[in-house]
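Have a look at the structure below before the remarks.
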Amino acid sequence: MSMTNFAYKIDAGVVPRVSLGQDGLIYLTGGTNGTLKLYSDRLFQADVDRDGWIALVAARSAFFAEQNIPWRFVLSTEKLSIYGDNELVRQLDEPVTPPGQAFKSVIQDDAVLYPRDLLRAEIAQNVYVKTDSHWSPVGAFLVFQEMMRSVGLSLDWGRYTAMPDGRLTYHGDLWSADYGDVGPDVFLRRKIDPAIRTVYKNPIVGLSEARGGRLGLHVGSHLIWRNPTAEVKKNVILFGSSFSESRLECTLLSYLFALYFEEVHFIWSTSLDKSYITRTRPDYVFVEMPERFVRQVPADDLSIERFGAAEAEKWLMANP
């Protein structure tokens with residue numbers, strides 16, 4: 001396949017969801033956000049509402065300044081942005097820029113964090129694995145450390161590294177039988193601190209757990225964890241995605257927040273619930289979003305209580 005033909009397919013919108021790189025890694029290239037397209041300087045300019053994002057981030061910073069709450073907006077990196085230089089050259093016959101880097105060049109706000117350079121500096125530590133779209137426990141821990149440094153917190157990292165660990169072997173979320181020659185990855189897992197307690201879960205989480213956890217219900221998940229032994233005696237709200245998640249598992253930011261903070265509110269959403277923030281009065285707010293999500297500007301009109309109940313009810317009506 002020539003580069004010219006592939007560039008035509010990019011424009012035509014027929015990019016495969018995943019691609020096997022010549023390096024043996026499986027990359028997310030398509031999907032609902034058209035991941036690979038966002039690396040094209042030309043298509044990023046055409047597809048991303050830069051003015052909308054500038055206005056949104058400015059409004060968020062003004063809101064948090066008014067509330068006197070420190071906040072950070074973290075763009076979770078795609079595996080393509082860390083390991084995929086050769087793959088991008090192979091698949092895109094035009095100038096390319098990682099979407100998070102292009103976003104940062106547009107949004108001149110210190111609250112925005114894009115940890116690409118941090119993760120690329122530690123590339124030898126396998127910050128991603130072959131078959132999964134999410135960072136490894138090493139990658140998650142590095143990003144969490146950067147998030148803490150950005151708000152002036154210096155923590156005892158030994159609390160995490162001393163947790164007993166184990167290994168699981170399986171294929172990650174990008175693998176399918178089409179890639180039968182690609183073997184499973186070994187995933188590190190760390191023990192959950194027994195002091196961490198779940199004190200609230202909304203109807204989406206409760207329904208997912210009751211029905212075995214594979215319902216396709218993710219957005220709108222809402223949990224609260226408390227940890228009386230945490231080093232930081234403060235509360236935090238984490239708005240996030242599958243890089244944060246509603247499970248306490250060591251590849252996820254939620255695990256690290258619950259380990260280090262006394263109270264953590266997790267909401268799976270790119271849109272903020274400003275009323276909830278005002279009522280909760282957290283000490284910090286962190287917003288985590290995959291860089292491929294820059295295609296859509298959130299409305300910040302979430303009401304998490306109403307949304308969670310409505311989504312659970314909708315699922316039950318469709319699956320009696």
Side-chain angles (χ1 to χ4, degrees), residues 6-19 26-61 72-85 87-88 91-109 111-116 119 128 132-135 143 173-174 216 218-221 238-245 253 267-273 286-302 307 311:
F6 200 94
Y8 172 77
K9 286 193 170 187
I10 287 285
D11 286 329
V14 291
V15 181
R17 175 180 174 270
V18 299
S19 299
I26 303 176
Y27 293 98
L28 179 65
T29 49
T32 56
N33 293 285
T35 303
L36 188 63
K37 292 182 178 183
L38 291 167
Y39 287 81
S40 159
D41 290 351
R42 174 176 55 87
L43 294 177
F44 183 95
Q45 298 286 333
D47 293 351
V48 175
D49 182 359
R50 290 166 292 166
D51 290 340
W53 274 112
I54 290 170
L56 180 77
V57 174
R60 286 179 173 180
S61 285
R72 294 294 183 269
F73 182 18
V74 183
L75 295 173
S76 304
T77 51
E78 298 297 322
K79 192 194 303 184
L80 273 171
S81 297
I82 308 303
Y83 289 96
D85 290 0
E87 191 64 15
L88 290 167
Q91 296 207 28
L92 285 173
D93 187 22
E94 58 186 284
V96 300
T97 304
Q101 182 177 324
F103 185 91
K104 278 279 290 179
S105 71
V106 171
I107 309 298
Q108 303 296 318
D109 193 307
V112 179
L113 304 179
Y114 180 52
R116 178 174 182 256
L119 293 173
Y128 286 77
D132 207 89
S133 62
H134 304 88
W135 46 44
V143 173
D173 66 339
L174 297 178
H218 304 297
V219 175
S221 296
L238 171 63
F239 291 88
S241 71
S242 57
F243 284 82
S244 298
E245 255 265 29
L253 293 177
I267 297 173
W268 193 322
S269 174
T270 58
S271 185
L272 303 189
D273 183 337
F286 291 89
V287 183
E288 173 273 312
M289 186 188 82
E291 61 179 312
R292 68 181 182 274
F293 284 13
V294 298
R295 187 182 293 278
Q296 299 291 331
V297 181
D300 280 359
D301 60 355
L302 178 68
F307 184 84
E311 287 297 295

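In what follows, residues are counted from 1 in the order of the sequence shown. Keep in mind it's a predicted model, so treat the numbers as computed, not measured.
By the side-chain hydrogen bond (donor to acceptor under 3.5 Å, both in side chains) test, E87 is found to be paired with R90, Q91, residues two or more places apart in sequence or in another chain being considered.
Formation of a donor-acceptor pair under 3.5 Å by the Y27 side chain with backbone atoms of Y83 is found in this model. The backbone N or O of P290 sits nowhere less than 3.5 Å from a side-chain atom of E78 that would complete a donor-acceptor pair. Although no hydrogens or angles enter the test, the distance criterion places a donor-acceptor pair under 3.5 Å between the side chain of R116 and the main chain of S81. Side chain of S244 to backbone of L253: no donor-acceptor contact under 3.5 angstrom is found. Judged purely by atom type and a 3.5 angstrom limit, W53 uses its side chain to pair as donor or acceptor with the backbone of V294. Side chain of N33 to backbone of R295: no donor-acceptor contact under 3.5 angstrom is found. Looking only at distances, a side-chain donor or acceptor of T29 sits under 3.5 Å from a matching main-chain atom of P16. Between the K79 side chain and the G84 main chain, no donor and acceptor come within less than 3.5 Å of each other.
In this structure, S133 OG and D173 CG are separated by 3.5 Å, a value rounded to the nearest 0.5 Å. In this structure, OG1 in T270 is found 12.0 Å from CD1 in I267, a value given to the nearest 0.5 Å.
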Next on the checklist: Please evaluate residues S76 and F293 with respect to the criterion side-chain contact (heavy atoms from CB on, under 4.5 Å), reporting the C-alpha separation (whole Å), side-chain torsions for both, the decisive distance (0.1 Å), and the verdict.
Outcome noted: CA-CA 10 Å; S76 304; F293 284 13; over 6 Å; no

Next on the checklist: Using side-chain contact (heavy atoms from CB on, under 4.5 Å), reason through V143 and E288 one step at a time and then give a plain yes or no.
Outcome noted: CA-CA 11 Å; V143 173; E288 173 273 312; over 6 Å; no

Next on the checklist: With side-chain hydrogen bond (donor to acceptor under 3.5 Å, both in side chains) as the criterion, how do T77 and Y128 come out once you've worked through the C-alpha distance, each side chain's angles and the decisive distance to 0.1 Å?
Outcome noted: CA-CA 10 Å; T77 51; Y128 286 77; 2.7 Å; yes

Item to check | Evaluation steps, side-chain contact (heavy atoms from CB on, under 4.5 Å), between L75 and M289 | outcome: CA-CA 5 Å; L75 295 173; M289 186 188 82; 3.7 Å; yes

Item to check | side-chain contact (heavy atoms from CB on, under 4.5 Å) assessment of L174 paired with R17 | outcome: CA-CA 9 Å; L174 297 178; R17 175 180 174 270; 4.2 Å; yes

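Taking all atoms of both residues into account, the shortest heavy-atom contact from D109 to S61 is OD2-OG, 2.8 Å. Here the closest non-hydrogen pair linking Q101 and Y114 is N-CE2, 3.3 Å. Scanning both residues, P99 and F44, for their nearest heavy atoms gives O-CE1, 3.7 Å. Scanning all heavy atoms of the two residues, the minimum distance from L88 to V96 falls at CB-CG2, 4.5 Å. Between P115 and V74, the shortest heavy-atom contact is CD-CG1, 4.4 Å. The two residues F307 and V219 come nearest to each other via the heavy atoms CE2-O, 3.5 Å.
Residues K37 and D47 are not paired through a salt bridge, judged by the lack of any N-O separation under 4.0 Å between the basic side chain and the carboxylate.
With a 4.5 Å cut-off on side-chain heavy atoms, P298 and L56 count as touching.
Counted by atom type alone, H218 and S242 present zero donor-acceptor pairs between their side chains at under 3.5 Å.
No more than 12 heavy atoms of other residues, nucleotides or ligands shown are found within 6.0 angstrom of CD on Q296.
Between R292 and the choices T32, L38, L80, the side chain to side chain contact (heavy atoms under 4.5 Å, CB included) rule is met once, by L38.
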